[in-house]
There are 2 protein chains.
Amino acid sequence: MLKIGDFSRLSHLTVKALRFYEKEKLLIPASVDEWTGYRFYETSQLEDAARIKACRQLDLSIDEIRAILSGADMMQVLSDKAKALSEQREKTDILLSRIHHMLEGKEMKYQATEKVMPAATVFYAETVLENYSDIMQWIPSLGEECRKLNPHLRCAEPEYEFCEYPDGEYKEHDIQIRHNQAVTARGVENDVVKFREIPETKVLSIYHKGAYDSIGEAYAFIMKYAEDNGYQPAGLTRECYIDGIWNKESVDDWLTEIQLPVR
Amino acid sequence: MLKIGDFSRLSHLTVKALRFYEKEKLLIPASVDEWTGYRFYETSQLEDAARIKACRQLDLSIDEIRAILSGADMMQVLSDKAKALSEQREKTDILLSRIHHMLEGKEMKYQATEKVMPAATVFYAETVLENYSDIMQWIPSLGEECRKLNPHLRCAEPEYEFCEYPDGEYKEHDIQIRHNQAVTARGVENDVVKFREIPETKVLSIYHKGAYDSIGEAYAFIMKYAEDNGYQPAGLTRECYIDGIWNKESVDDWLTEIQLPVR
DNA sequence: GATAGAGGATCCCCTTAGGGGAGAGTCAAC
DNA sequence: GTTGACTCTCCCCTAAGGGGATCCTCTATC
């Protein structure tokens, strides 16, 4: 009959752990003094202690160990655990690749995040603009057009409004542009404003601060980031204008989100 | 000015997380209504939110993110994180290798654990025995011999007593055996009983239950286990007799610990 | 027999990054 | 005025024990 301290030294488990295992009904002392509450263990319990310790060293949880001791299929538990560990290893590898990407990139100007944009119904319009600065005249006109056609149509909450550049190539002039805005339902179309559904989309997102003329850096960054981290581009990049000339005096305060759909 | 729910939808952070980040002083709302307690955010804070979210997706802790936002060297933080992740990956790999070893081994009869035995002073004696069953006559005689030489010498607490087989090969007869027992100090020697110091030793430990004639399986297991998991044997295997003929009637209750020193 | 020190007991708080829910107050629309 | 959607604060929960406070028990020594 060993007191808890002796059993602790022999089993190489801390006293705290032994008391915890009793509470969890993993390893019950052979006897407990009714008056003093002292726990007493038998040497034969060292075997159980070793089994528990071995399981903990395999990083099995208390619940898993309890299941095993209750006769669950150890092989099953272990192969489940192996699967979980493999998944964890993959995640760690992905994180490492991202961090190394950032460490090599040197510039922390942009930070990519992954998010999922919900499916939506949008009204959209396309045109070809002489140059970028015409965008902010064009977009408000679309809203009016749409409201004229569909007076009762509402924008979706939260607002989601973005531009795409179907050209695929960068141009300084004659820019083909498509503007999209999420709404609550389809409505009447005409030859300017049409409707379509966009599906739920996983995107890489970065925020670009400042004037639009340096937005190319942001594109460069996000494309390289995607490539380095094993993302497959899956659609046209979306630009969301958050702060701009309409609400910020200083060009340095303009804020644009760039979303790259990925798989 | 966005209410917390709107900001949550735009930033893709939960309301709970936003409140938590305020408590942690990571992301303070641009203003808080003095009377209602409502938090109000500005669109420009989406950028901060995205930065925080990006950091969390790199699995950086709140403390690390706060350090970065306070101007700490992001590169340093990231390379520390990369180091930690690499270490974690190694640990995961080790666990996976152990689990696969167990899954392939099929038999769960033995469970290896790693532990560290403290340094100790031992008295020891060697002899050659006709066969294994003579051990239990021989060992008690050593204790008497030692007490005769050193009446005041005490055994170390916890008791640590083990046998080694310096032969290195398995024999059925003419077994060379060395018995060691940890004591509190050196004492007088004679030609039977001598003293020496043993250093702190990392060992792999398994428990063998039952008669000694099947102990070979335990040895086989522990050696294969060590080999499969990249341990280097670093000394003679130690046998600790925990339960045996002296206190257990049934041979099935005998319990022996086998310790393999490893690097 | 008294006492000191070691070791045992229980109980409470702490760790991460928020999640879940209760109860109460606020805001906008109908 | 009411209803329903939001929002607030406050409390408890996670896994596996660690750290510490306070009180009790055992053993050795004087």
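By convention in this document, chain letters (A, B, ...) are assigned in the order of the sequence lines, proteins followed by strands, and residues within each chain are numbered from 1.
- A straight line from CG of Asp6(B) to C1' of dC27(C) spans 13 Å, rounded to a whole angstrom.
- Between the C1' atom of dA6(C) and the CD1 atom of Ile4(A) lies a distance of 15 Å, rounded to the nearest Å.
- Going from atom CG of Asp33(A) over to atom NZ of Lys3(A) covers 11.0 Å, rounded to the nearest 0.5 Å.
- Relative to the axis of its first five pairs, the axis of the last five pairs of the helix from dG1(C)-dC30(D) to dC30(C)-dG1(D) sits at 40°, rounded to 10 degrees.
- Nearest to the side-chain atoms of Thr36(B) among the listed nucleotides dG20(C), dT10(C), dT26(C) stands dT26(C).
- The aromatic rings of Tyr231(A) and Tyr225(A) lie parallel to each other, their planes meeting at an angle below 30°, with 60° marking the opposite boundary.
- dA17(C) atom P lies 8 Å from atom CG of Asp59(B), rounded to whole Å.
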*Does the pair Thr113(A) and Gln57(B) meet the rule for a side-chain hydrogen bond (donor to acceptor under 3.5 Å, both in side chains), with working shown?*
CA-CA 7 Å; Thr113(A) 54; Gln57(B) 287 187 352; 5.1 Å; no
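- Here the side chains of Asp228(B) and Ser97(B) are not in contact, with every heavy-atom distance at 4.5 Å or above.
- What separates CG of Leu58(B) from P of dA17(C) is a distance of 14 Å, to the nearest Å.
- In this structure, Arg66(B) atom CZ and dT16(C) atom P are separated by 10 Å, rounded to whole Å.
- Remark: Arg19(A) is not in phosphate contact with dG8(C), judged by side-chain N or O atoms under 4.0 Å from OP1 or OP2.
- Note that the first and last nucleotides of DNA chain D, 5' to 3', having any atom under 4.0 angstrom from a heavy atom of chain A are dA16(D) to dC26(D).
- Between Arg56(B) and Lys3(B), it is Arg56(B) whose nearest contact on DNA chain C lies nearer the 5' terminus.
- Of the possible polar contacts, one joining the Arg56(B) side chain to the Leu60(B) backbone as a donor-acceptor pair under 3.5 Å is found.
- If you take CG of Asp63(B) and P of dT15(C), they are 11 Å apart, rounded to a whole angstrom.
- For Glu34(A), the CD atom counts as loosely surrounded, since its 6.0 Å shell holds 12 or fewer non-hydrogen atoms of other residues, nucleotides or ligands.
- Counting non-hydrogen atoms under 4.0 angstrom, Tyr21(B) reaches the backbone sugars and phosphates but no base.
- Note that the CG atom of Leu85(A) and the NE2 atom of His100(B) stand 8.5 Å from one another [nearest 0.5 Å].
- Counting non-hydrogen atoms under 4.0 angstrom, Arg39(A) reaches the backbone sugars and phosphates but no base.
- Side chain Lys16(B) to base dG20(C): a donor-acceptor pair is found below 3.5 Å.
- The side-chain tip of Arg196(B) points at the ring of Tyr124(B) from less than 6.0 angstrom away and within 45° of straight on.
- Mapping Thr14(A) and Asp33(A) onto DNA chain D via the closest heavy atom, the residue that lands nearer the 5' end is Thr14(A).
- Other residues, nucleotides and ligands contribute at most 12 non-hydrogen atoms within 6.0 Å of the CD atom of Glu90(A).
- Atom pair Lys23(A):NZ and dT10(C):P shows a separation of 11 Å (rounding to whole Å applied).
- Using cut-offs of 30° and 60° for the angle between ring planes, the Phe221(A) and His101(A) rings count as perpendicular.
- As rounded to whole Å, 16 Å separates atom C1' of dC12(C) from atom CZ of Phe20(A).
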